[in-house]
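Worth knowing before you read on, the calculation uses all heavy atoms, side chains too, and leaves out hydrogens, waters and symmetry mates. This one's a predicted model, so the numbers in the text were calculated from it and none came from an experiment. If you read the sequence from its start, that first residue is 1, and numbering goes on from there.
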Amino acid sequence: MISFRSNPSTAPPPREDAWITSYQKLLPHWHSVSLSHQHSTLPISISRVNQFDAARLDIEMSAMLKEQLVKPGMLFQYEPELDAFLEFLIWRFSIWVDKPTPGIALMNLRYRDERAVEIRENVRTGLEGPGLTVAQKMWYCIAAVGGQYIWARLQSFSAFRRWGDSEQRPLARRVWGLMQRIEGLYKAASFGNLLLFLYTGRYRNLIERALRARLVYESPNMNRAVSFEYMNRQLVWNEFSEMLLLLLPLLNSSTVKSFLHPFSKNKSSSSTEDDSNCPICRASPTLAYLALPCQHRYCYYCLRTRCAAAPSFRCSRCSEPVVAMQRHGSIVEHKTHNQ
């Protein structure tokens, strides 16, 4: 008879022993994966528009403080010192005391030391991390305040001394050429940093990149106070108003009136106006002059300025070219006569 008894040495292990063996094999892999997750930082995305808006708001804040301190045109020779003083005040009461600048605070941002985040273990939202160190704050002040002041003063001094002229000494020309090369390298590096910022969303300028000072959200649950739709509308109207302010001084009212006169429906309106008032300022002329050959009355200043601004000036009442001007009861005075 054939016996089917199995060999005890070849019997399969119990189910509990299989679980323990698998757990012991996978435990080292689990430890390595958990440690790698603890030492890695969560990927976060900070709005590039918010960071640019923060920089713009800081510039506007500095300009407002400057307007409050001095009137336009005053202390022009000390403008670099004034700008450096205002930048130092903003740095002293914001970054030095671990607070954001006004523009950064309005955009719900703050500075974070990116070097300390790389070795941080407990990460929940990705926005954790300490602020800037004392050394980073000091270097920020030296570069952003002192560096800009020294460069502005050096440029103004070299331009006043005309170091770039060929008549200057060779040393002055060499220094001027070196300054131009440094400025070119700085602009090229700034442009490269801008491209990296648009791609990664980190470090708006070279100072932040050198110090590893990154802007992150102060509160992760805080929404943007101003909608993008409202900001786009404001930007469009702001640019449109600046364009009008640029173009309006270039336009001559008399030229526009003469251009639109053929399309006017009421062509007899000029005959119904009061001929005793100046058609430009709508007031009674204190020093009355006649535009020739149409002989309509104007103020001397109004007629003289229009004729000086536009040699082909046309009468505002009849659109006839004015070739000369005459005082009431006096001799004829041509437009080209110099007062």
(message) Can you see whether Y298 engages R306 through a side-chain donor-acceptor pair at a distance of less than 3.5 angstrom?
(response)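 There is no such pair between these side chains.
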(request) Decide whether Q326 and Y289 meet the rule of one side-chain donor and one side-chain acceptor closer than 3.5 Å. (result)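 Result is no, nothing qualifies.
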Least distance between heavy atoms, [X] atom then [Y] atom:
{"X": "F313", "Y": "C307", "value": "CD2-SG, 4.0 Å"}
{"X": "A288", "Y": "R297", "value": "CB-NH2, 3.7 Å"}
{"X": "C315", "Y": "H296", "value": "SG-ND1, 3.3 Å"}
{"X": "C278", "Y": "C299", "value": "SG-N, 3.5 Å"}
{"X": "S316", "Y": "I280", "value": "OG-CG1, 4.1 Å"}
{"X": "S158", "Y": "M179", "value": "OG-CE, 3.7 Å"}

Min side-chain heavy-atom separation [X]-[Y] under 4.5 Å:
{"X": "P100", "Y": "N108", "value": "no"}
{"X": "E320", "Y": "P293", "value": "yes"}
{"X": "I46", "Y": "L109", "value": "yes"}
{"X": "R304", "Y": "M325", "value": "yes"}

Which distance, rounded to the nearest 0.5 Å, do you find between the [atom1] of [X] and the [atom2] of [Y]?
{"X": "S190", "Y": "I207", "atom1": "OG", "atom2": "CD1", "answer": "9.5 Å"}
{"X": "E183", "Y": "Y186", "atom1": "CD", "atom2": "OH", "answer": "10.0 Å"}
{"X": "L206", "Y": "L194", "atom1": "CG", "atom2": "CG", "answer": "10.0 Å"}
{"X": "R214", "Y": "Y111", "atom1": "CZ", "atom2": "OH", "answer": "13.0 Å"}
{"X": "F93", "Y": "K99", "atom1": "CZ", "atom2": "NZ", "answer": "10.0 Å"}
{"X": "E208", "Y": "Q51", "atom1": "CD", "atom2": "CD", "answer": "7.5 Å"}

Same apolar cluster (I L V M F W Y, side chains within < 4.5 Å links), [X]/[Y]:
{"X": "L303", "Y": "Y300", "answer": "yes"}
{"X": "L195", "Y": "F197", "answer": "no"}
{"X": "V49", "Y": "Y199", "answer": "no"}
{"X": "L215", "Y": "F52", "answer": "no"}
{"X": "I182", "Y": "L185", "answer": "no"}

Do side-chain atoms of [X] reach the backbone of [Y] as a donor and acceptor pair under 3.5 angstrom?
{"X": "R202", "Y": "L196", "value": "no"}
{"X": "R48", "Y": "L198", "value": "yes"}
{"X": "Y217", "Y": "S47", "value": "yes"}

(message) Taking atom CZ as the centre, does F85 end up with more than 12 heavy-atom neighbours from other residues, nucleotides or ligands that are less than 6.0 angstrom away?
(response)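 Open.
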(request) Test K66 against every option in E79, E81, E87 by the salt bridge (Lys or Arg N to Asp or Glu O under 4.0 Å) rule and name the one that passes. (result)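 The residue from E79, E81, E87 that satisfies salt bridge (Lys or Arg N to Asp or Glu O under 4.0 Å) with K66 turns out to be E79.
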(message) Holding to ring-ring contact (aromatic ring centres under 6.0 Å, His included), I want the full list of residues that pass it with F157, two or more places apart in sequence or in another chain.
(response)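 With sequence neighbours excluded, F157 shows a ring-ring contact (aromatic ring centres under 6.0 Å, His included) to W163, given in chain and number order.
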Report all side-chain donor-acceptor pairs from residues 135-143 shorter than 3.5 Å, counting only partners two or more places apart or in another chain.
| from | atom 1 | to | atom 2 | distance (Å) |
| --- | --- | --- | --- | --- |
| Q136 | OE1 | T133 | N | 3.0 |
| Q136 | OE1 | T133 | OG1 | 3.4 |
| Q136 | NE2 | D113 | OD1 | 3.1 |
| Q136 | NE2 | L211 | O | 2.6 |
| K137 | NZ | W96 | O | 3.3 |
| K137 | NZ | D98 | OD1 | 2.4 |
| K137 | NZ | D98 | OD2 | 3.4 |

(request) Flag the pair R112 and E114 as a salt bridge only when some basic side-chain nitrogen lies within less than 4.0 angstrom of an acidic carboxylate oxygen. (result)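 Between E114 and R112 there is a salt bridge, with a charged N closer than 4.0 Å to a carboxylate O.
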Using distance only, find each side-chain donor-acceptor pair of residues 55-62 under 3.5 Å and give its atom names and separation, not counting sequence neighbours.
| from | atom 1 | to | atom 2 | distance (Å) |
| --- | --- | --- | --- | --- |
| R56 | NE | E60 | OE2 | 3.4 |
| R56 | NH2 | E60 | OE2 | 3.1 |
| D58 | OD1 | T101 | OG1 | 3.3 |
| D58 | OD1 | G103 | N | 2.7 |
| D58 | OD2 | T101 | OG1 | 2.9 |

